[in-house]
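A short worksheet on the structure shown next.
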Number of protein chains: 2
Amino acid sequence: MQFKSVDISKTASAASIIFDALKKAIIEGNLEEGAPLRQDEIAKMFNTSRIPVREAISRLEEHGLVKSQRYKGAVVSGLSAGEAGEIFDYRAILEPHIIRISVPKMTPKALAEARSFCDAFAVSDDPMEWGDLNRKFHATLYNASGLTFHLEAVESALDRVDRYLRAQLVLSNGMARANDEHLRIQDACERGDADAAAELTHQHILGAKNSLLKHLSKL
Amino acid sequence: MQFKSVDISKTASAASIIFDALKKAIIEGNLEEGAPLRQDEIAKMFNTSRIPVREAISRLEEHGLVKSQRYKGAVVSGLSAGEAGEIFDYRAILEPHIIRISVPKMTPKALAEARSFCDAFAVSDDPMEWGDLNRKFHATLYNASGLTFHLEAVESALDRVDRYLRAQLVLSNGMARANDEHLRIQDACERGDADAAAELTHQHILGAKNSLLKHLSKL
DNA sequence: GATATTCAAATTGGATCCAATATTCAATAT
DNA sequence: ATATTGAATATTGGATCCAATTTGAATATC
């Protein structure tokens with residue numbers, strides 16, 4: 001007799017749970033930049049001691065999501081316009097490469113999944129959902145590449161700019177433009193046109209960058 | 001009366017010291033892949049408790065340098081040939097971009113410094129020193145770009161492949177070729193030819209990749 | 001003899017406690 | 001009124017202790 005593996009992820013230490021929760025809060029902007037992360041306070045929220053909290057914070061620091069100073073504690077790190085722009089440039093270099101590798105490997109299933117995210121993105125009216133669907137759409141298209149290191153690198157970069165990216169989507173016609181570009185990328189992938197998908201992805205990211213920088217300069 | 005700031009970096013927690021030491025040991029290959037990291041053992045080495053050791057290990061894990069399993073502990077992570085190749089491709093995409101931005105911003109001082117590393121690399125006969133000088137040479141050329149995110153990303157990628165990169169240098173004419181390519185990159189930078197520097201950097205990295213993969217396939 | 005079971009040792013994850021440092025704010029001096 | 005000192009408080013870094021889990025060897029079972 002065989003049992004299905006249940007995966008009751010007992011593989012979840014308190015530190016991991018706290019790490020994920022804090023990361024999510026930072027990425028979604030629920031923790032504003034500059035906000036201090038008090039170990040005691042967080043420990044109480046999760047009914048743990050400060051030990052796993054410290055581990056979570058030190059891991060976040062390695063991702064650049066918080067900055068901590070000895071005996072002073074950690075704060076959520078922000079991004080200057082220059083840094084944000086740099087990260088968009090970084091993505092604009094990597095993601096076209098990833099999707100070019102990915103296109104010839106995409107299965108009909110992956111394409112269908114991507115299209116469903118694309119459609120959901122188009123009709124969603126919840127700004128918080130946009131960021132999520134946007135990432136899922138692109139990630140689904142990229143996954144077929146099998147480039148795990150690249151994918152991790154891009155995820156990490158997105159984690160850093162996600163708050164700003166969402167802010168940019170809310171702007172003027174940010175959503176409309178993003179949606180239009182998504183459709184064109186999706187079409188290119190379905191046609192199997194890797195070069196077009198790469199070029200459209202490049203423009204998609206640079207367009208978002210310009211829109212974001214315009215927004216940031218007005219603050 | 002003014003005093004010079006002394007910067008007695010009291011800003012060094014035990015966790016940071018242990019992190020740096022373990023990272024160095026892994027990068028230099030003194031800790032072989034698969035080697036278990038026993039918290040107790042490491043704590044005794046540094047005359048500390050296991051708490052800062054755990055923090056160091058969890059930070060290393062975020063960099064992909066170790067893999068840890070709940071209640072089982074952490075081991076130094078290795079790289080398959082495919083993963084190593086992927087990381088070289090990643091570098092081959094990013095580093096040309098960085099040096100292209102960097103070239104027009106390089107100061108005579110930076111160029112002189114790079115050349116000195118280049119020369120030192122040429123005459124060094126210590127394999128362990130090669131990796132260090134190689135990184136310093138490239139880092140010096142890249143620094144002028146001011147692309148801090150890109151630089152961190154490349155450093156992180158290099159951390160993952162440094163052991164293999166050094167192994168590759170030891171091969172046949174690895175050093176001779178690397179040295180020749182370094183000179184050509186240095187020359188391009190001194191001429192202010194950003195495109196040439198970028199193209200040479202691209203070839204330099206892909207050449208190392210091919211050499212490495214040839215080496216790995218023989219194991 | 002090979003496989004399953006039990007149990008002690010080893011190891012990690014986390015809680016509690018203590019030390020080191022920073023911050024706050026009232027008391028004092030200029 | 002402002003600047004400075006200094007103690008009280010808050011906060012972080014680390015040590016020690018306990019609980020949960022894994023590992024491996026000894027024993028039992030077929």
Side-chain angles (χ1 to χ4, degrees), chain A residues 1-3 5-23 25-26 31-32 34-63 65-77, chain B residues 1-3 5-23 25-26 31-77:
Chain A
M1 177 92 182
Q2 280 278 85
F3 289 96
S5 77
V6 185
D7 189 12
I8 309 231
S9 88
K10 26 186 182 188
T11 346
S13 61
S16 304
I17 293 170
I18 296 170
F19 173 77
D20 289 341
L22 289 178
K23 184 174 153 187
I26 294 173
L31 277 170
E32 292 186 0
L37 300 177
R38 297 284 165 230
Q39 298 176 4
D40 226 350
E41 189 182 343
I42 297 167
K44 275 169 190 157
M45 285 179 187
F46 291 91
N47 282 312
T48 67
S49 76
R50 283 164 38 224
I51 300 292
V53 175
R54 283 181 46 186
E55 189 178 322
I57 289 177
S58 74
R59 281 157 74 164
L60 289 170
E61 191 174 13
E62 294 304 315
H63 282 297
L65 292 174
V66 311
K67 287 195 202 310
S68 69
Q69 278 184 301
R70 189 168 162 81
Y71 293 119
K72 285 191 172 182
V75 297
V76 177
S77 46
Chain B
M1 178 88 185
Q2 281 279 85
F3 290 96
S5 76
V6 187
D7 189 14
I8 310 233
S9 92
K10 27 186 182 190
T11 347
S13 61
S16 305
I17 293 171
I18 297 170
F19 173 76
D20 289 341
L22 289 178
K23 184 173 153 189
I26 294 172
L31 277 170
E32 291 185 1
E33 70 181 64
L37 299 177
R38 297 284 166 228
Q39 297 175 6
D40 228 349
E41 189 183 343
I42 296 167
K44 275 168 191 157
M45 285 180 187
F46 291 91
N47 283 310
T48 67
S49 75
R50 282 164 38 223
I51 300 292
V53 175
R54 282 180 47 184
E55 190 178 320
I57 289 177
S58 73
R59 282 158 74 167
L60 289 170
E61 190 174 14
E62 293 305 314
H63 282 298
L65 292 174
V66 312
K67 288 195 201 312
S68 70
Q69 279 184 301
R70 190 167 161 80
Y71 294 119
K72 286 191 172 181
V75 296
V76 178
S77 45

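Each chain gets a letter, A, B and so on, in the order the sequences are listed, and its residues count up from 1.
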Once rounded to the nearest 0.5 Å, what's the spacing between atom OG of A:Ser16 and atom NZ of A:Lys23? 11.5 Å
Range-with-range stems of DNA chain D (Watson-Crick or G-U pairs under 3.5 Å, three or more in a row): C:1-30 with D:1-30
Could you encode protein contacts along nucleotides 8-15 of chain D as a string, one character per nucleotide from 5' to 3', using B for base contact, S for sugar-phosphate-only contact and - for no contact, with a heavy-atom cut-off of under 4.0 Å? ---SBBBB
Got more than 12 heavy atoms from elsewhere within 6.0 Å of CD, A:Glu32? no
Does the side chain of B:Leu37 come within less than 4.5 Å of B:Leu31's, by heavy atoms? yes
I need the B:Leu22 CG to B:Ile42 CD1 distance, nearest 0.5 Å. 5.0 Å
Residues forming a side chain to side chain donor-acceptor pair (under 3.5 Å) with B:Arg59, sequence neighbours excluded: A:Glu62, B:Glu55
Non-hydrogen side-chain atoms of A:Ser58 and B:Ser58 separated by less than 4.5 Å: yes
Between the side chain of A:Ser68 and the main-chain N/O of A:Gly73, is any donor-acceptor distance below 3.5 Å? no
